Amino acid sequence: MVEIELDGQKVEVAEGSMVMHAAEKAGTYIPHFCYHKKLSIAANCRMCLVEVEKAPKPMPACATPVTQGMIVRTKSDKAIAAQKSVMEFLLINHPLDCPICDQGGECQLQDLAVGYGGSSSRYEEEKRVVFHKEVGPLISMEEMSRCIHCTRCVRFGQEVAGAMELGMSHRGEHAEIETFLGQTIDSELSGNMIDICPVGALTSKPFRYQARTWEMSRRKSVAAHDSSGANLIVQVKNNQVMRVVPLENEDVNECWIADRDRFSYEALNGSDRLTQPMLKQGGEWKEVDWQTALEYVANGLRNIQRDHGASSIGALVSPQSTIEELYLAGALLRGLGSDNIDYRLRNAEFGAAEGVRTLGRSIASLSTLQRVLVIGSNLRKDHPLFALRVRHAVRHGAQLNVITTPAAWSHADAWAMPVLQAVLSDASGWAQALADVATAIAAEKGATAPAAGQITSQAQAIAKSLLGGERKAVLLGNAAAHAANASSLLALANWIGEQTGASVGYLTESANTVGAQWVGALPQTGGKNAGHMLAGGLKAALLLNTEPEFDSAAGSAAAHSLGQAEMVVTLSPFKANLAFSDVLLPIAPFTETSGSFVNAEGRLQSFHAVVKPLADTRPAWKVLRVLANLLDIPGVSFETSQDVLARVTAKPLVASNATVAAISLSPTTAVPVVASIYQLDGIVRRAPSLQLTADARQEVAP
C-alpha cells in the first residue's frame with residue numbers, strides 16, 4: 001500500500017493506483033469527463049488536472065500514479081485555474097443548444113460548466129460543425145458537434161462490448177468520432193454508450209425529443225428478459241414508460257444493461273396492447289367486462305372437468321412470468337385436480353428435475369474465472385451481460401473453450417472475445433464432443449471415462465485447459481438445456497466438473513426460469529409436460545404470457561394442436577393467439593404489476609409496478625386468484641402479491657445441477673429450439689426499434 005496526502009487527508013491506496021483512485025477512496029470529487037471506473041485510462045480531456053507538490057505543472061489525476069508521500073491538492077488556486085482553463089477550451093466549439101438537448105439536465109459538461117465555466121467567452125469565431133452520422137435504429141449521432149472527444153464510447157466498444165465499432169478519425173480540429181466506412185453500430189450492448197457519453201453527442205434515437213429529464217419520475221425495476229436479472233431505473237411521464245436505464249448493482253449487472261432491456265419498453269406503449277377482455281363468439285371477437293369473461297372461463301373449466309376429467313385441462317406458462325403468477329397458475333390447475341402445467345416450452349427432453357437448475361456460482365464470479373467451457377450457447381447474443389463478464393475474464397488471462405454449432409460461431413469474431421478452442425458441431429454431436437473431452441481428462445488423470453470418446457487434438461487442448469487454473473466453470477447454454485439429450489449433456493458436464501474442480505451450471509434462458517422450477521411450474525405427479533400438451537390432447541388450455549407459435553418447440557404446429565381444444569384462454573398483455581384462442585384476458589406486463597423474478601444465480605429480486613395498468617388491464621396474479629376463487633379452490637385468497645411471495649418462500653430454494661441420467665451418445669435428430677436475441681418473448685418481439693437492428697434482421701441460432 002502507498003500513503004499519500006490528498007487535500008490534507010492521509011489516504012492509503014494500492015501501489016499502481018492513480019490519484020483519481022485515491023480521491024474516490026477519500027470521497028473527494030475531482031471533475032472529469034474521459035475517466036470512467038469501468039474503462040481504461042485515456043487522459044485526453046484534462047479536466048481532472050490537480051496540483052501535485054514539486055511537479056512543474058498541474059497533472060491529470062486519472063493518469064498520475066501515486067507515490068509514497070505524494071502531496072496532492074485538488075482545490076488549490078492552481079488546480080482550479082487549470083480546470084477552468086480546460087473548461088474554457090472545451091466550450092470554445094461546443095454548441096449552445098442545451099434547451100433542446102436530450103442530455104440537458106443530466107449532462108456532465110453542463111453541470112461542470114456551472115462551477116468551472118465563465119460567464120462569457122473570449123472567442124467570437126464561428127463554432128466548429130460536425131455533420132451527423134446514421135448508425136442504426138438505436139443510437140442517434142445527429143449532434144456530433146457536441147462531442148468533446150473523451151473517447152468513452154470508443155473504449156467501451158473495445159473493452160466491454162468486445163467490438164470496436166467507433167473510432168476517432170483525423171486529427172486536431174478535424175477529429176471526429178465515427179463508425180468504420182459508414183457501418184452501423186450493431187452491438188447488443190450499444191445503448192450503454194448513451195449512458196457513458198458525458199455530453200449530448202450520443203443519444204437514444206427512440207427517446208429523442210420525447211421528454212425532458214426533469215419531467216420524468218424514476219422508479220426501480222428488474223429486467224424481464226434473460227436470466228441476468230439486471231437492475232433498472234424506469235423513467236415515467238404521464239403514466240407511460242419513456243426510457244429505461246441501468247441501476248448500478250455490482251453483483252448483478254454492474255452499471256450496464258443489454259439493449260434488449262433498454263429499448264423493449266416501446267412495446268409497452270404499442271398499438272398491439274390488449275386493453276379489454278375479449279370473447280370469440282361466432283368467429284368474431286367481442287369486448288366484454290371482466291366479470292363476464294372470468295365467469296365464462298370458470299364455467300367452461302367446470303364443464304370440461306366434468307365431461308372429460310381434470311387431466312384434460314392444462315397450462316402452458318412462460319418463464320417470463322413472475323413467481324407469484326406461476327405459483328397461482330399451478331395452484332389453480334392442481335386445485336382442479338390436474339398436474340398439467342409446464343414452463344419448458346422449448347425443451348425436447350422432460351426429465352424429472354432433482355433440484356432447481358442454476359448457474360452454479362455467482363454472476364459476479366464470472367468476471368474472475370480462469371477457465372471456461374461453454375456448451376450449446378451463443379453466449380454473446382443469448383446472455384449479453386454474462387458474455388460481458390466472461391469477456392472481462394478473458395481480457396485478464398482466462399481461457400475460453402466452446403462447443404457449439406457452426407451457425408452460432410459463424411466467424412472468429414462472433415463471440416467478440418478470444419476463444420482457445422471451438423468445437424463446432426450440430427447439437428447431435430455435442431454429447432460425443434463432451435465425451436471426447438472427458439476421455440482426454442481421464443487419460444491425463446488416470447481415471448475411467450464416463451463414456452466412450454476419442455482423444456482428438458481439440459479435446460486434448462480443452463482437457464489441458466480445464467485441468468489448469470483455479471477458478472473454472474462449465475456452463476450449459478439455452479440450446480443445451482433444450483436439447484433432446486439434455487440429461488446426457490449435464491451428466492457429462494458434471495463428470496468433467498468433478499474431475500477438474502470446475503463448477504457446473506446452466507446459463508438459464510429467461511428472467512424467471514429458476515423461479516419457475518422453484519414454484520413447481522412443471523409436472524410433479526406424472527402430469528402432461530409441455531411436449532405432450534403442445535402435441536394435442538387438451539380440452540382446455542390456459543396460456544400465461546406465452547405465444548406457443550413463437551415460444552415453443554412445436555412452432556406453427558402448436559396453433560393446429562391448440563385449435564382442437566374446446567377452450568383456449570390466453571392471458572397476455574398483447575393481442576396474441578387470436579387464431580386459436582376463445583378468450584383473451586389482458587394482464588399487466590412487468591412494468592404494471594408487482595412481482596418477483598429469480599435470476600440464474602438464484603437471486604430473488606422483487607419489484608413494484610412503475611406505472612398503473614393500462615385501461616382495463618389487470619395484474620395476472622389477481623386474475624388467477626379471482627379465477628381460483630370462482631372455482632372454489634381453497635388456499636388462494638391472497639390480498640397482495642407479497643402474500644403470495646411469502647407462501648412461495650416458505651419452501652426454500654434448493655439448487656442442484658445433479659443428474660442420475662444414463663449417458664447416451666446416440667445422435668439425436670431433434671434440433672434444439674432457441675430464440676434469437678430479439679425474438680425471446682412477446683415484449684421484445686413488439687419493440688419496433690429492436691426489430692430494425694442487424695441482429696433482428698439476421699437471426700443466428702445456437
Side-chain angles (χ1 to χ4, degrees), residues 347-355 357 360 371-379 399-409 419-469 472-507 531 656-674 701-702:
N347 284 30
E349 183 186 79
F350 300 93
E354 292 136 25
R357 309 299 199 198
R371 300 290 188 271
V372 191
L373 172 60
V374 177
I375 305 145
S377 175
N378 183 358
L379 184 64
Q399 294 178 356
L400 171 63
N401 302 282
V402 173
I403 298 175
T404 190
T405 63
W409 182 249
V419 175
L420 182 67
Q421 292 292 330
V423 179
L424 305 182
S425 164
D426 58 32
S428 64
W430 292 345
Q432 186 62 61
L434 276 177
D436 294 346
V437 173
T439 302
I441 291 171
E444 289 282 339
K445 298 193 67 176
T448 302
Q454 297 180 339
I455 304 178
T456 65
S457 59
Q458 284 186 310
Q460 191 170 42
I462 294 173
K464 288 184 176 179
S465 173
L466 290 174
L467 287 168
K472 317 168 199 180
V474 178
L475 303 173
L476 295 138
N478 296 349
H482 300 162
N485 58 349
S487 58
S488 293
L489 296 177
L490 177 58
L492 286 162
N494 278 331
W495 188 91
I496 291 171
E498 290 167 5
Q499 296 296 317
T500 62
S503 66
V504 177
Y506 281 97
L507 295 164
S656 172
N657 294 316
T659 180
V660 295
I663 295 173
S664 171
L665 301 183
S666 301
T668 59
T669 56
V671 178
V673 175
V674 180

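All values below come from the heavy atoms of this structure, side chains included, with hydrogens, waters and symmetry mates left out. A quick note: this is a predicted structure, and the numbers were derived from the prediction, not measured.
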Take L490 and Y506 through the side chain to side chain contact (heavy atoms under 4.5 Å, CB included) test and state the conclusion after the steps.
-> CA-CA 9 Å; L490 177 58; Y506 281 97; 3.6 Å; yes
Sorted by chain and residue number, the side chain to side chain contact (heavy atoms under 4.5 Å, CB included) partners of A483 (sequence neighbours excluded) come out as N485, L489, P672
Apply the side-chain contact (heavy atoms from CB on, under 4.5 Å) test between T500 and each candidate in L373, V437, L467; give the one that qualifies.
-> L467
Does any N or O in the side chain of Q421 come within less than 3.5 Å of the main-chain N or O of A459, such that one atom is a donor and the other an acceptor?
-> no
V504 side chain reached by I496 side chain, heavy atoms, under 4.5 Å | no
From OG (S457) to CD1 (I462), nearest 0.5 Å | 9.5 Å
In chain order, what residues pass the side chain to side chain contact (heavy atoms under 4.5 Å, CB included) check against S465, with sequence neighbours excluded?
-> R371, Q399, N401, L420
Which pair of heavy atoms, one from A493 and one from L434, lies closest together, and at what distance?
-> N-CD1, 4.5 Å
Nearest heavy atoms of I441 and A463, plus distance in Å | CG1-CB, 3.5 Å
Kindly write out the residues that satisfy side chain to side chain contact (heavy atoms under 4.5 Å, CB included) with N347, not counting sequence neighbours, or none if the list is empty.
-> R344, F350, H482
Do T659 and N494 have side-chain heavy atoms sitting under 4.5 Å apart?
-> yes
Would you please name every residue forming a side chain to side chain donor-acceptor pair (under 3.5 Å) with Q499, sequence neighbours left out?
-> none
Write down the atom of S664, the atom of S488, and the distance for their closest heavy-atom approach.
-> N-OG, 3.0 Å
Starting at OG1 of T405, measure out to CH2 of W430 and round the result to the nearest 0.5 Å.
-> 6.0 Å
L507 and S377: which non-hydrogen atoms are nearest, and at how many Å?
-> CD1-OG, 3.8 Å
Quick note, side-chain hydrogen bond (donor to acceptor under 3.5 Å, both in side chains) partners involving residues 435-454, not counting sequence neighbours, are Q432-D436
Do K472 side-chain atoms and V372 backbone N/O form a donor-acceptor pair below 3.5 Å?
-> no
Closest non-hydrogen contact found for W495 with A449 is CZ2-CA, 4.2 Å
For the student: nearest non-hydrogen atoms of G505 and N657, plus distance = CA-ND2, 3.5 Å
Return the set of residues passing side chain to side chain contact (heavy atoms under 4.5 Å, CB included) with A451 (not counting sequence neighbours), or none when no residue passes.
-> A435, L492, I663, L665
Please examine the side chains of L424 and T404, heavy atoms only from C-beta on, and report whether any two atoms are closer than 4.5 Å.
-> yes
